[in-house]
There are 2 protein chains.
Amino acid sequence: MRNKELTYKQIIETAYVMFSEKGFDQTSLSSIASEIGISKPAIYYYFKSKDELIKSLFEIIAKEIQSITFMDLETITPANFKQNLYLLGENTIKHQEKDHHFNHLFNQYMLLSTRDKDYSERLVKIQQHFLNTFHDMLTHGVKIKAIKDENILIKSQLLALVFDNITNFILTDMTLDFIKIWREAVDSVLNGIVNDEQ
Amino acid sequence: MRNKELTYKQIIETAYVMFSEKGFDQTSLSSIASEIGISKPAIYYYFKSKDELIKSLFEIIAKEIQSITFMDLETITPANFKQNLYLLGENTIKHQEKDHHFNHLFNQYMLLSTRDKDYSERLVKIQQHFLNTFHDMLTHGVKIKAIKDENILIKSQLLALVFDNITNFILTDMTLDFIKIWREAVDSVLNGIVNDEQ
DNA sequence: GTCTATACAGCGATAGAC
DNA sequence: GTCTATCGCTGTATAGAC
């Protein structure tokens with residue numbers, strides 16, 4: 001007799017890894033089951049279909065993105081503004097270099113979204129949230145007079161694009177100095193609009 | 001009796017569209033065959049397996065990337081340097097907005113590469129070529145004294161990252177002004193190192 | 001060179017025993 | 001809650017007719 005919560009947790013965790021490594025289609029429910037040491041129908045006790053299991057994982061990913069890109073604006077001052085932008089990138093880069101599964105899965109949902117309207121709408125919202133995070137950050141910078149109010153919208157979109165693609169490039173075997181690239185991006189974008197730079 | 005070359009061409013073109021819209025796994029050889037109006041085994045006459053058909057499409061994609069990112073450095077002068085960087089992005093953005101299949105397929109090969117060493121190595125080379133294009137462009141800019149020799153390597157990598165992810169974002173339903181973002185990227189990166197700017 | 005027919009494996013999902 | 005057994009379907013791939 002197994003523990004109910006344990007089994008549920010094992011299915012989620014095993015699916016997370018296997019889906020990321022082999023893809024949704026190439027990972028059968030039986031292979032997930034045998035990896036855990038249970039039978040295939042046991043999975044159907046927890047999830048009414050394979051699609052629902054895939055959807056459950058999406059919810060987990062979506063929540064993780066929220067927490068990764070969270071920024072507490074209250075702690076930002078003109079003195080530490082640029083440093084905080086550096087850190088936002090550096091922390092994420094270090095996090096992604098440890099867990100490749102996250103981005104592999106996310107890419108698969110991106111592909112799913114082209115033929116599934118639900119995923120499409122959810123992903124647009126996530127990307128929007130993502131863009132907003134950087135826009136809020138720069139807007140806050142203007143408000144506390146850390147930077148000048150010049151082209152803030154486009155500049156924040158540019159930062160979001162760089163940030164997002166750094167995580168994609170980490171997945172390939174490219175060995176670039178991503179932290180340096182991110183710092184160059186922040187420096188370039190803020191160049192000329194930073195106040196009080198000595 | 002069908003024409004041999006025509007059938008081959010039809011298989012390639014139909015597979016290109018269907019694989020991009022539904023994915024490799026969700027597109028069966030029978031569905032491709034019936035879409036064209038031939039029988040499933042007919043495909044096996046031209047391709048010894050589904051994987052080989054997928055591989056053939058990869059060769060086409062790889063070639064297309066080479067031509068998209070081609071830049072004739074001979075025509076670059078200090079006067080048109082920045083304008084050419086603008087155009088490189090703008091032409092690609094317009095091209096991508098017309099043909100979404102290209103990027104959908106490319107993303108699928110990115111996922112395949114995580115479990116297939118052949119694709120992995122090929123893709124790294126493509127990404128490398130991609131980075132080199134921008135590096136060559138900026139290095140050439142230094143040579144013809146269009147820009148100053150400051151941080152050229154990182155700056156070219158940054159441009160490549162922005163350029164690459166703009167094409168990814170076009171696939172989503174985000175309606176951003178990508179041309180403006182690209183211009184901001186070029187402006188930001190070149191800010192302070194451009195010579196002869198009035 | 002292209003077809004019909006078919007082999008064979010594997011999938012998602014369900015029924016019903018324990 | 002988890003199992004065995006099984007259904008129905010679809011996939012890739014091949015053999016052999018024309």
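Naming: A, B, ... by sequence-line order, numbering from 1 per chain. Quick note: numbers below take in every heavy atom, side chains included, and nothing from hydrogens, waters or symmetry partners. Since the model is a prediction, treat every value here as computed from it, not as a measurement.
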Atom CD1 of A:Ile32 and atom C1' of D:dT2 are separated, to the nearest Å, by 17 Å

Indicate whether any N or O donor in one side chain lies under 3.5 Å from an N or O acceptor in the other, for B:His100 and B:Ser20.
no

Whole-Å distance, A:Gln10 CD to D:dG1 P, equals 16 Å

Evaluate B:Phe163 against B:Trp182 for ring-ring contact (aromatic ring centres under 6.0 Å, His included), listing each step before the verdict. CA-CA 7 Å; B:Phe163 183 85; B:Trp182 175 246; 5.5 Å; yes

Rounded to whole Å, the CD1-P distance (B:Ile36 to C:dT2) equals 11 Å

Task: side-chain N/O B:Ser39 vs C:dT2 OP1/OP2, d < 4.0 Å - done: no

What nitrogen or oxygen pairs link the protein and nucleotides 14-18 of chain C at under 3.5 Å?
none

Quick note, salt bridge (charged side-chain N to carboxylate O under 4.0 Å, His left out) partners involving residues 110-121 of chain B, not counting sequence neighbours, are B:Lys55-B:Asp118, B:Lys117-B:Glu121

Q: Answer yes or no: does a side-chain N or O of B:Tyr46 lie under 4.0 Å from OP1 or OP2 of C:dT2?
A: yes

To the nearest angstrom, the CD1-C1' distance between A:Ile54 and C:dA13 comes to 15 Å

OP1 or OP2 of D:dT2 less than 4.0 angstrom from a side-chain nitrogen or oxygen of A:Thr7, does that happen here? yes

Side-chain contact check for B:Ala42: nearest option of D:dT12, C:dC3, D:dT2 is C:dC3

Whole-Å distance, B:Lys50 NZ to D:dT14 P, equals 15 Å

Quiz item: Between A:Leu190 and A:Leu85, is any pair of side-chain heavy atoms under 4.5 Å apart?
Solution: yes

Across all chains, not counting sequence neighbours, the side chain to side chain donor-acceptor pair (under 3.5 Å) partners of B:Glu21 are none

Between CG of A:Leu53 and P of C:dA13 the distance, given in whole Å, is 10 Å

Picking from C:dA13, D:dA13, D:dT12, the nucleotide nearest the side-chain atoms of B:Ser49 would be D:dA13

Please find out if less than 6.0 Å separates the ring center of B:Phe19 from that of B:Tyr109.
no

Checklist entry - Does B:Tyr45 make a side-chain N or O approach to OP1 or OP2 of C:dT2 shorter than 4.0 Å? => result no

Rounded to whole Å, CD1 of A:Ile11 lies from C1' of D:dG1 at a distance of 11 Å

Rounded to whole Å, the CD-C1' distance (B:Gln26 to C:dG12) equals 12 Å

Check: Are A:Tyr8 and A:Tyr45 close enough that their ring centres sit under 6.0 Å apart?
Finding: no

